[in-house]
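Before any comments, here is the structure.
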Amino acid sequence: MSDTSKSLPAYRLGIDLGGTKMYALVIDRKGKVVGSSRRATKSELGYRKVLGRLAETAREAVFEAGIKLKELRSVGVGVPGPVDAAKGRVLLAPNLGWGAKPVAKDLGALLGKRVVLGNDANFGGLGEATHGAARGTASSVGAFVGTGLGGSVVLAGRVLNGAHGFGGELGHIRAPFGTAKCPCGRVGCLETIASKTGIARIIAAGVKAGKRSRLKLSDDGRLRSGDLLRAWQAGCPLTIDALTQCARALAWGLATAANLIDPEVFILGGGVMEALGDELLPMVRGSLGEFSVQFTRRKADLRRARLGDEAVATGAAVASVPQET
Ligand SMILES: [Zn+2]
């Protein structure tokens with residue numbers, strides 16, 4: 001093992017490409033961040049310009065780390081959408097306005113490096129499993145509650161992308177109690193409840209039905225996690241109802257994953273969890289036994305994500321060096 005790790009490069013570079021910003025970081029073998037850079041994505045500039053910005057951000061992170069690009073074996077990039085990892089193609093990234101794009105080939109040509117692509121939530125889970133909340137565990141399932149609901153499955157240090165890029169799509173598991181339409185076109189996906197969009201929808205529906213809320217939604221229906229926490233602390237019944245539904249939907253998703261995979265650990269992350277994890281975690285735990293018999297016998301190992309907005313880039317950096325087993 002020690003011989004193998006010595007043959008691996010000392011540094012690795014990962015990039016989190018999001019709809020609004022991109023973040024590149026260089027980590028050492030232990031996961032310590034030694035250089036980073038970020039800038040706005042500006043997806044409105046188009047595919048080629050975004051690729052150019054990715055390459056600049058990567059170079060800056062490498063410069064800050066005090067190393068040379070040639071010292072890196074390859075570069076990992078997490079994107080907001082499903083990918084064909086084997087072919088290095090993004091299949092669809094609506095937040096970037098992209099359809100199918102050969103990102104690995106095109107960015108690889110700009111950087112002169114091999115590029116490894118992955119879905120952002122999958123890489124977030126890999127980052128947490130390798131250097132964060134689930135470090136040292138053999139298997140983990142991640143749930144990331146942000147604007148949408150992302151998921152990840154990591155087994156023996158490898159993230160499950162799936163044969164068609166849809167591995168770990170927790171957000172599109174359907175719940176029997178779900179009634180709202182999902183952007184994917186189906187009805188009742190967990191993302192319609194356990195996400196900021198879902199919580200905002202539940203609160204807006206309550207207000208429309210004449211209930212009072214302490215939470216102010218902006219005109220476009222957007223919601224900030226910090227405002228949610230304040231409304232919860234003030235005892236707003238609509239907020240409490242929406243978060244109770246969110247926790248129950250998460251429990252349904254985790255119980256479904258547990259019945260299929262039985263992971264050692266569940267990681268709960270994303271903006272909503274960062275703001276309200278202390279409130280939500282016990283609620284999720286309380287509902288797990290309702291949905292899977294194994295949690296009537298034992299307590300689930302639920303852990304809050306630790307890497308915050310560095311998780312995706314960290315996982316991308318980890319994935320850039322294939323595990324040598
Ligand atoms: Zn869906």
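Position 1 is the first residue of the sequence; numbering continues from there. When a ligand or atom number is given, it counts from 1 through the structure's own listing order.
The side chain to side chain contact (heavy atoms under 4.5 Å, CB included) check on T256 picks up I173, W252, with sequence neighbours excluded.
Between the side chains of S287 and R248, no donor-acceptor pair is found at a separation under 3.5 Å.
In this structure, CZ on F166 lies 6.5 Å from CG on L91, to the nearest 0.5 angstrom.
Protein N/O/S atoms closer than 2.8 Å to the Zn ion (ligand 1), listed by chain and residue number, are H172 ND1, C182 SG, C184 SG, C189 SG.
Each of L17, N119, V103 was scored for a side-chain contact (heavy atoms from CB on, under 4.5 Å) with V90, with one residue passing: V103.
Taking 4.0 Å as the cut-off between side-chain N and carboxylate O, R48 and D106 count as a salt-bridged pair.
The two residues L223 and A200 make their nearest non-hydrogen contact at CD2-N, 3.7 Å.
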